[in-house]
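For clarity, every value in this text was computed on a predicted model and none was experimentally measured.
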Amino acid sequence: MIFDLELIKHVYTHYQEKVNHIRQVIGRPLTLTEKILYAHLAQGEELKDYQRGVDYVNFAPDRVAMQDATAQMALLQLMNSGRDRVAVPSTVHCDHLIQAYKNAYDDLIIAENNNQEVYQFLRDVSNKYGIGFWKPDAGIIHQVVLENYAFPGGMMIGTDSHTPNAGGLSMIAIGVGGADAVDVMAGMSWELKMPRLIGVKLTGKLSGWSAPKDVILKLAGILTVKGGTNSIIEYFGEGTQSLSATGKATICNMGAEVGATTSIFPYDKKSADYLAITGRQEIVDLAHMITDCFNPDSQILDDPAKYYDQIIEINLSELEPYVNGPFTPDLAYPISKLAEAVKEHHYPNNMEVGLIGSCTNSSYEDMSRAASVIDNANKLGLSVKAKLIINPGSEQVKFTAERDGILDKFEQAGAVIMANACGPCIGQWRRDEVADEHKNSIVTSFNRNFAKRNDGNPNTNAFVCSPEIVAALSIAGSLTFNPLTDTLTNAKGQPVKLPEPIGDELPKDGFDVDDAGYVEPIKDGSKVIVNIAAHSDRLQQLAPFAPWDGKDIVEQPLLIKVAGKCTTDHISMAGKWLKYRGHLDNISNNMLIGAVNAFNEKTNSVIDPESKHYLEVPALARKFKAQGLGSVVVAEENYGEGSSREHAAMEPRFLNVKAIVVKSFARIHETNLKKQGMLALTFINKEDYDKVQEDDKISILGLTEFTPGKNLTMVLHHRDGNIEAFPVAHTYNDAQISWFKAGSALNKLKSEFKKS
């Protein structure tokens with residue numbers, strides 16, 4: 001079945017003419033990114049050469065995808081939007097709420113029982129509003145999108161930061177918060193600052209132990225976790241043509257770890273092969289007629305430095321496997337340097353668990369190459385020393401891999417096959433053996449490795465690499481093992497060397513599946529009743545946030561001054577908190593509990609200015625709110641790095657935090673704050689962060705004249721009576737200021753529906 005074929009035909013109908021017109025109006029050759037972005041300008045948006053990194057532009061995405069954790073809040077907001085049907089094709093994917101513990105069969109039964117209320121809510125809302133529904137165990141959202149929905153030249157948004165996965169099929173796919181998704185589902189345009197363009201030229205061809213994952217692992221080391229902020233990474237060069245479509249998707253997927261808006265590859269034969277084998281030959285036939293639209297202009301390739309804002313070159317033939325971590329995905333070690341780093345930094349060398357899967361690396365190619373490593377070890381008389389866990393990416397991948405004997409190779413080595421879901425990648429992992437929080441190392445094919453991310457243990461050192469390297473290190477049980485050069489001792493006492501991995505990019509006998517897990521919405525959902533129990537602790541009707549009171553923020557207490565890295569995991573943890581993603585009051589009890597207080601270097605411990613006792617962060621925020629007070633959060637660089645979860649913005653809004661003032665923001669989180677009517681401000685002089693004292697009262701002045709490009713003033717009222725004032729910057733445009741004044745973007749949207 002080809003989903004949305006009529007939509008794709010419509011998108012392609014005048015695509016070539018559009019691109020020709022865009023090129024003529026702008027007056028220069030176009031990158032691939034520019035062709036797709038400009039072809040998706042919202043109706044009425046002026047066609048001109050927008051300034052990258054400066055101009056805000058309205059777009060009209062073709063579709064929306066949501067995973068079950070973020071979908072709850074997105075759909076609760078949609079219910080308040082005034083719409084009765086989604087305006088663009090949209091889907092919900094149940095992949096986040098299945099906890100990995102025993103095995104796929106048992107864990108699915110538990111998940112369906114524990115989450116029945118949430119799954120029913122998602123199905124009911126999907127039926128009511130015409131949204132496609134993918135059942136639990138159908139697969140991880142991004143793998144399912146790649147197999148079924150991604151198409152060259154398209155544009156989509158998704159309520160998950162790894163939505164860029166679809167860039168492997170030449171689609172502009174961007175992770176957003178739920179409020180952004182609601183705008184598009186409600187038929188509104190979607191706003192984005194015109195991204196800068198980072199061109200990554202790939203030459204040569206991968207061989208041996210190197211894999212597509214190593215491209216992005218190396219790039220993460222170059223760009224760091226914020227080097228791609230407000231940028232799209234566009235890959236080009238002859239090296240792109242040697243990579244499989246799923247390999248390209250892996251690279252695009254993990255571009256989120258450098259803060260990139262999205263990443264994209266040109267359309268080529270590998271793209272066509274993947275579309276065809278996943279049942280989409282008609283799209284191949286359509287795309288074949290306009291392949292020029294899905295590749296950069298030849299002049300771009302002749303002189304890339306003239307058209308991209310930054311150029312990075314990677315020779316695939318020389319690329320070594322990388323292992324990144326721990327605690328940050330941009331700490332990049334080539335495998336030849338890892339042993340030295342382990343010794344120098346005293347990382348636990350004994351590798352306890354190897355995990356293969358996640359939205360980043362769970363394709364048929366990933367599974368087959370990793371299985372070949374395990375199979376070769378078995379033939380050489382080697383056992384797997386670390387515990388091995390496998391999360392297939394979709395039911396289609398799992399069914400086909402099982403048919404072809406791939407999963408059997410893992411199971412013969414003692415691996416546990418988990419559900420087709422995110423599981424340990426997002427903290428949905430019941431790992432009983434770390435209850436004592438002992439120091440240990442794990443190696444994953446995932447994308448993120450923040451502290452406590454996978455198993456809740458702050459002392460788990462998580463390293464990220466390709467599935468092939470996960471398999472090799474799991475066999476050795478040691479981080480210092482280099483499969484390219486080292487030998488292992490088999491059961492007979494013989495030194496043996498692991499052969500290089502091999503595998504098929506695509507299954508020789510095609511993909512197969514009995515039940516992919518898709519449920520089509522009913523044609524008329526007007527009579528569907530969406531029930532939310534009044535006393536549910538999982539779901540809660542949303543009440544609109546209050547509009548701005550028209551006044552400056554005057555002498556509000558500091559809630560927390562955060563020191564160091566503060567990701568969305570620190571602001572709103574996943575793991576056990578995922579069950580409250582549809583209940584804003586309950587999940588607000590995890591607000592900033594992972595953030596480090598700069599004044600005592602502890603987490604979830606902030607001073608109550610009234611009692612002088614230390615309280616948990618949410619408890620102090622609730623106390624302030626009950627007293628009619630707001631509060632202010634201060635933090636450092638790249639605040640909100642990581643997931644797209646808008647709960648990290650909604651929780652402070654709900655608990656009456658008035659402003660977040662930081663050295664810099666991660667893109668998605670800054671947008672999420674704006675959407676929820678929050679003030680997101682940055683220190684112009686980053687040293688002003690140091691002036692903030694623990695018992696300060698803080699004012700934000702200038703809101704009565706809040707205008708684009710005009711700084712506000714932050715005033716610190718110190719306990720000793722001294723006052724310090726300095727300007728703070730913002731990036732709000734007129735529309736975003738209107739969201740702030742209305743109380744949220746949703747409030748503004750609803751008022752516009754009432755007028756129309």
Side-chain angles (χ1 to χ4, degrees), residues 100 213 217 220-221 257 320-358 361 370 373-374 377 382-390 413-416 423-427 429-489 498 564-565 567 569-570 575 594 596 601 603:
K213 182 69 164 278
L217 293 176
E257 273 53 68
E320 195 176 337
Y322 271 72
V323 180
N324 288 23
F327 305 127
T328 184
D330 60 352
L331 184 56
Y333 296 110
I335 192 79
S336 60
K337 303 291 184 184
L338 182 61
E340 179 184 331
V342 169
K343 293 170 185 174
E344 179 183 352
H345 299 289
H346 306 291
Y347 301 141
N349 181 40
N350 181 42
M351 207 198 93
E352 295 192 5
V353 190
L355 301 109
I356 295 172
S358 87
N361 280 109
V373 177
I374 299 295
L382 295 169
S383 59
V384 178
K385 292 186 177 179
K387 185 177 181 180
L388 191 59
I389 293 174
I390 312 294
V416 178
C425 183
I426 58 161
W429 182 18
R430 180 175 167 183
R431 190 183 174 204
D432 293 340
E433 60 265 34
V434 292
D436 61 354
E437 295 194 345
H438 70 275
K439 196 172 182 180
N440 73 103
S441 289
I442 65 173
V443 177
T444 81
S445 71
F446 304 164
N447 40 51
R448 293 193 175 132
N449 54 0
F450 305 140
K452 302 172 73 173
R453 167 83 179 184
N454 302 124
D455 60 9
N457 178 13
N459 298 312
T460 293
N461 289 242
F463 295 85
V464 177
C465 56
S466 70
E468 298 92 322
I469 297 297
V470 172
L473 297 182
S474 298
I475 293 162
S478 167
L479 281 179
T480 55
F481 172 66
N482 181 354
L484 283 71
T485 57
D486 299 347
T487 60
L488 296 169
T489 303
L498 288 173
K565 184 185 282 285
T567 71
D569 278 357
H570 295 85
V596 175
E601 298 184 347
T603 59

Sub-4.5 Å side-chain heavy-atom contact between [X] and [Y]:
X      : Y      : answer
Ser466 : Tyr322 : no
Val464 : Asn447 : no
Asp455 : Arg430 : no

For [X], side chain to side chain contact (heavy atoms under 4.5 Å, CB included) partners two or more places apart:
X      : result
Glu352 : Asn350, Arg431, His438, Asn440
Ser358 : Thr360, Cys425, Phe446
Lys439 : Pro348, Asn459, Asn461
Thr487 : Pro495, Lys497

Closest non-hydrogen atom pair between [X] and [Y], with its separation:
X      : Y      : answer
Ser474 : Val384 : O-CG1, 3.5 Å
Ala100 : Gly423 : CB-CA, 4.4 Å
Cys465 : Val443 : SG-CG1, 3.1 Å
Lys565 : Phe327 : CE-O, 4.2 Å
Leu338 : Tyr333 : CD1-CD1, 4.1 Å
Ala462 : Asn449 : O-ND2, 3.2 Å

message = Determine whether Leu498 and Phe481 satisfy the following criterion, side-chain contact (heavy atoms from CB on, under 4.5 Å), listing intermediate values before the conclusion.
response = CA-CA 11 Å; Leu498 288 173; Phe481 172 66; 4.0 Å; yes

query = Considering residues at least two apart in sequence or located in another chain, which fulfil the salt bridge (charged side-chain N to carboxylate O under 4.0 Å, His left out) criterion with Asp436?
reply = none

key: Non-neighbouring partners of Lys385 that pass salt bridge (charged side-chain N to carboxylate O under 4.0 Å, His left out), sequence neighbours left out   = none

message = Checking Ser336 against Leu484 for the side-chain contact (heavy atoms from CB on, under 4.5 Å) test, could you report, in this order, the C-alpha distance in whole Å, the side-chain angles of both residues, the deciding distance, and whether it holds?
response = CA-CA 8 Å; Ser336 60; Leu484 283 71; over 6 Å; no

Supply the atom-to-atom distance [X] [atom1] to [Y] [atom2], rounded to the nearest 0.5 angstrom.
X      : Y      : atom1 : atom2 : result
Leu473 : Ile442 : CG    : CD1   : 12.5 Å
Lys452 : His570 : NZ    : NE2   : 8.5 Å
Ile469 : Phe463 : CD1   : CZ    : 14.0 Å
Asp569 : Arg448 : CG    : CZ    : 7.5 Å
Asn349 : Leu479 : CG    : CG    : 5.5 Å
Thr480 : Asp486 : OG1   : CG    : 7.5 Å

task = Scan side-chain atoms only and decide if Asp330 and Thr328 contain a donor-acceptor pair under the 3.5 Å cut-off.
result = yes

key: Check against side-chain contact (heavy atoms from CB on, under 4.5 Å), Leu331 and Asn324   = CA-CA 5 Å; Leu331 184 56; Asn324 288 23; 5.7 Å; no

ask   = Can you tell which of Ile475, Val416, Ile374 makes a side-chain contact (heavy atoms from CB on, under 4.5 Å) with Leu388?
value = Ile374

ask   = Ser445 side chain to Gly357 main-chain N or O, any donor-acceptor pair under 3.5 Å?
value = yes

